[in-house]
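Chain letters run A, B, ... following the sequence lines, proteins first, then strands; residues in each count from 1.
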Amino acid sequence: MKLIIDELEERISKAMESVAAVRLCAAVVRPAADAKFGDYQANGVMALAKQVKTNPRKLAEEIVANLDLSDMCEPPEVAGPGFINLRLKADFLAARLLEINGDADRLAVDKAAGRKTIVVDFSSPNIAKQMHVGHLRSTIIGDAICRMLEFLGHNVIPQNHIGDWGTQFGMVILGLWHVCMAEEKYAGQEPYYRTELEEMKAHATDRKTLEDICRRIRKRQEEDWREDSYESTGDGKKLFRPFLDKLPTRDESVLWGKILSAYQYMNMLEETIAGMGLRNPTLVDGKVQDIPFELLSRHVTAMLQKGGKQNQQECDAWAHVRRLTMKQCNEIYRLLNVTLNDSHVRGESAYNDDLPGVVADLKKAGLAGESDGAVCVFPEGFKNKEGQPLPFIIQKSDGAYLYATTDLAALRYRVYKLKADAIVYVTDSRQKLHFEMLFAVARAACWAGEDTELTHVMFGSVLGEDGAPLKTRSGENVKLRELLDEAVERARAVVEQKNPELSEADKVKIAEAVGIGAVKYADYSNNRTSDYVFSFDKMLAMEGNTAPYMQYAYARIKSIERKAESKDVDIETELASVKELTLADAAELDLAKHLIRYGEAVAAAAADYRPNYLTSYLFELAQKFSAFYTNCPVLSAEPAKRPTRLLLCDLTARTIKHGLGELLGITVVEQM
RNA sequence: GCGCCCGUAGCUCAGUAGGAUAGAGCAUCGGUUUCCUAAACCGAAGGUCGCAGGUUCGAGUCCUGCCGGGCGUACCA
């Protein structure tokens, strides 16, 4: 069914148009600012009065006289300087409730008028790294957006644009090679990539000792590399090739831990050796050549990107690490109850072959040119520090491509191949300028026309209690896994305290739903554009706008339904046979009027990609239900009142379950 | 320097085209349990919407200046 607010907007706008003889009037219908003004108010008459230079109250009176809302509202009232106040009729309200009751799947929320193909770009973790708190917001906000748009009937294409290509992959591959050496050649010893990492950290300020350590590492690396061969020096055929081949059979969690360590080791090593003047041999075009040690990983990156038979090992190593990373990510997605899966992954590497074409096409179009050795586009309206045009760099002076290039290639793919009507990028607000320029270039190149909507759905940072971006005590990013585990653990402690008699299985289930739900809900309930302070205590509090409060409201309703049996109340029959409602108590009316507005909340949240509009609605719903619950007994109500109250309970439960569960991916529990 | 975002109750935040007396939650104070989960409910108190101008019948919302904070700003993503 059509949203009430839209229906009112349409009818009042038409009345305004005919009374004032002005085309395209806006009634500006909003929920009433105060319940004493009714349920809705139209604010647009004052602006119209100004436009046609007439008295707003008088104009409002005329509009009301030309308006027939008798099927929905009590006679409209003109108030204040020219507001039109509207109060829904009781029988209209009742009819709506019954309509919702009859629609189990959609709660009588219509699909959007025009079905669009919408690409949503979100989550985007990096290969060979663990997901950390920085990925939380993109992942869950993006998921909520997908779920809402999908529910509204759009063709949603989630895209997980993972960081699986780029300059750091040489380090990833070298890291894996170190894992191999530690296991195969130095088996039985503590892996050197771990001990040496600690060593480098310990002497971080002692340059002399660091140099000694790095020389030793370099020397061993050269020896290992020379030995790892059968046919020609450093071909990797002796140890690395067999190591790669048996990777698929390994215990993945153990291997994953090693990869993470080795990657950290490579990062540290490369940073440390810079400027030491060390050189190391490697194969360049089939010949052994000395190159600066710190350039080794970039050399390996180049081998990977070149591909082909000679670089098969590099490609295989990359593929293994990529596969393992996605397994870890999928595990987090499962925990977070996010719908992303492997079919949505289309990472940077997928666009690798398109990048030269992107640059060539932009050059051909006269948009891109060389500047200081780099290929740049200078979109209109962007200035740098000196007031000069700001470059959007699409190819570095060394020939390498950047994320600007990849994003352009992806955008083009999404418009041309996926037929996107809209592309939504869910990333943090620091990338605002990047996306503004990206969109400007895409428009200039006509890769996105006026009818293609490009939106940067940005969000703020997650802060610690100290107001700085959330980090561990040692200054590292907080691992998402650890964060979620702690939330579940804390929720478990509360369940244990509040409801010790529950079964172990129930406790586990409730703790996960409440813990994860709390983290997600806390994020959703904040305005996404602002930073927020992460606090377990606040998000797990049972009071206030939190997941547990919502889940508790739901659990109470389910409890009523369970109790019904022992009181010989057949809920199903009573609900199915309810034809007339007896909405009398203030709490009943208040709850009923809120229930019929679910569709408005979903539409508002989806239109602006703001989940907090939905959480606000749900919180108010739970509050109104709680008031109803304390004031209006259900099972012990007199027979005339009971069906209505049961219906209100059931609709509230279904709405919470739909909003929380289906649209936000927060699990509800039957008891807690 | 320039650009963008932010500044609302003691704290954390809403405020969806410029609309009526600026709202929640937490914390504080007071009340509610023979009754469906008190993980709850009801009430009280709490504000110069950073400051100063301007536009408007009407400004937390739009414009200008200032103060304070965050982020970004040519080869990271």
Side-chain angles (χ1 to χ4, degrees), chain A residues 26 28 30-34 36-37 41 43-44 46-47 49-50 56 79-83 85 124 126 163 166-168 348 371-376 382-388 390-398 400 402-404 406-407 427-434 436 458 460-461 467 494-495 497-499 514 525-527 529-533 535 537-538 541-546 548-549 551-553 555-564 567 600-601 603-605 607-608 610 612-613 615-616 619-620 623 626-627 629-637 645 649 671-672:
Chain A
V28 194
R30 295 285 171 270
D34 191 311
K36 74 181 178 214
F37 299 134
Q41 61 183 58
N43 298 335
M46 276 101 63
K50 188 194 286 190
F83 296 102
N85 288 339
S124 309
N126 292 313
T167 46
Q168 75 276 35
E348 292 170 348
S371 174
D372 287 351
V375 182
C376 307
F382 296 90
K383 288 185 180 139
N384 72 3
K385 315 174 197 208
E386 285 83 38
Q388 305 297 314
L390 190 65
F392 192 61
I393 303 175
I394 54 175
Q395 189 169 22
K396 300 206 288 184
S397 46
D398 67 0
L402 302 96
Y403 79 137
T406 318
D407 271 345
T427 79
D428 69 273
S429 47
R430 287 177 307 208
Q431 296 186 48
K432 190 171 188 282
L433 182 62
H434 166 74
E436 282 173 355
M458 58 185 176
S461 310
V494 180
V495 175
Q497 182 204 331
K498 298 282 182 187
N499 245 336
V514 171
S525 57
N526 275 286
N527 179 343
T529 56
S530 47
D531 299 347
Y532 74 95
V533 175
S535 160
D537 289 334
K538 283 194 178 144
M542 309 306 166
E543 311 84 31
N545 190 6
T546 65
Y549 178 85
Q551 288 163 322
Y552 179 61
R556 281 171 126 187
I557 300 173
K558 290 292 138 181
S559 178
I560 292 177
E561 293 178 357
R562 281 194 300 275
K563 281 267 157 58
K567 298 215 175 190
E600 290 173 20
D608 282 357
R610 287 184 189 275
N612 66 309
Y613 291 169
T615 58
S616 294
F619 178 54
E620 280 174 47
Q623 278 185 311
S626 292
Y629 180 90
T630 34
N631 287 309
C632 307
V634 178
L635 296 177
S636 57
R645 292 187 175 173
C649 284
Q671 50 181 333
M672 62 187 283

- line: The nucleotide from B:C36, B:A14, B:A40 with an atom nearest the side chain of A:Asn527 is B:A14
- prompt: Distance between the C1' atoms of B:A38 and B:U33, in whole angstroms?
  reply: 7 Å
- request: Sticking with atom P, work out how far B:U61 lies from B:A17, rounded to a whole angstrom.
  value: 16 Å
Nearest-nucleotide pick for A:Pro391, side chain only, options being B:A20, B:A39, B:A74: B:A74
query: For B:A17, what is the paired nucleotide under Watson-Crick or G-U wobble rules, both distances under 3.5 Å?
result: none
- prompt: Between B:C26 and A:Asn545, is there an OP1 or OP2 to side-chain N/O distance shorter than 4.0 Å?
  reply: no
- request: Just compare B:A14, B:G15, B:A40 and give me whichever is closest to any side-chain atom of A:Tyr613.
  value: B:G15
- prompt: Taking only side-chain nitrogens and oxygens of A:Tyr532, does any of them come within less than 4.0 Å of OP1 or OP2 of B:C11?
  reply: no
task: May I ask you to verify if any side-chain N or O of A:Arg562 is less than 4.0 angstrom from the OP1 or OP2 atom of B:C36?
output: no
- prompt: With both distances under 3.5 angstrom, what nucleotide forms a Watson-Crick or G-U wobble pair with B:G10?
  reply: B:C26
- prompt: Contact class for A:Gln671 vs. all strands (heavy atom < 4.0 Å): base, sugar-phosphate, or nothing?
  reply: base
message: Rounding to an integer number of angstrom, what distance separates B:U64 and B:A27 when you compare their C1' atoms?
response: 39 Å
- prompt: Expressed in whole Å, how much space separates the C1' atoms belonging to B:C49 and B:C62?
  reply: 15 Å
- request: Consider the side chain of A:Tyr549, meaning its heavy atoms from C-beta on, and name the nucleotide among B:A20, B:C41, B:A77 that approaches it most closely.
  value: B:C41
query: Is there a donor and acceptor pair closer than 3.5 Å between the side chain of A:Asp428 and the base of B:A77?
result: no
- request: Describe the nucleic acid contact of A:Ala47 in one word from base, sugar-phosphate, nothing, applying a heavy-atom distance below 4.0 Å.
  value: base
message: If you compare every side-chain N and O of A:Arg556 against the phosphate oxygens of B:A38 (OP1, OP2), does one of them come in below 4.0 Å?
response: yes
message: By nearest atom, which of the nucleotides B:G15, B:U56, B:C41 is closest to the A:Lys50 side chain?
response: B:U56
task: Report which part of the nucleic acid A:Asp531 touches: base, sugar-phosphate, or nothing (heavy-atom distance under 4.0 Å, all strands).
output: sugar-phosphate
Rounded C1' spacing from B:G47 to B:G65 in Å: 25 Å
field: Distance test, side-chain N/O of A:Gln623 to OP1/OP2 of B:G25, below 4.0 Å
entry: yes
message: What's the closest nucleotide to the side chain of A:Val533 if the choices are B:A74, B:U12, B:C36?
response: B:U12
- line: Checking B:C71, B:A14, B:C36 against the side chain of A:Tyr629 (C-beta onward), the nearest is B:C36
- request: Starting at atom CZ of A:Arg430, determine the distance to atom P of B:C6, rounded to an integer number of angstrom.
  value: 17 Å
query: Touch check for A:Ser525, heavy atoms < 4.0 angstrom, all strands: base, sugar-phosphate only, or nothing?
result: nothing
message: The side chain of A:Phe37 is closest to which nucleotide in this list: B:A20, B:A77, B:U12?
response: B:A20
query: To the nearest angstrom, how far is A:Asn43 atom CG from B:G15 atom P?
result: 18 Å
- prompt: Does B:A59 have a Watson-Crick or wobble partner in any strand here, with both distances under 3.5 angstrom, and which is it?
  reply: none
task: Quick one: look up who B:G3 pairs with, Watson-Crick or G-U, both distances under 3.5 Å, and put none if it's unpaired.
output: B:C71
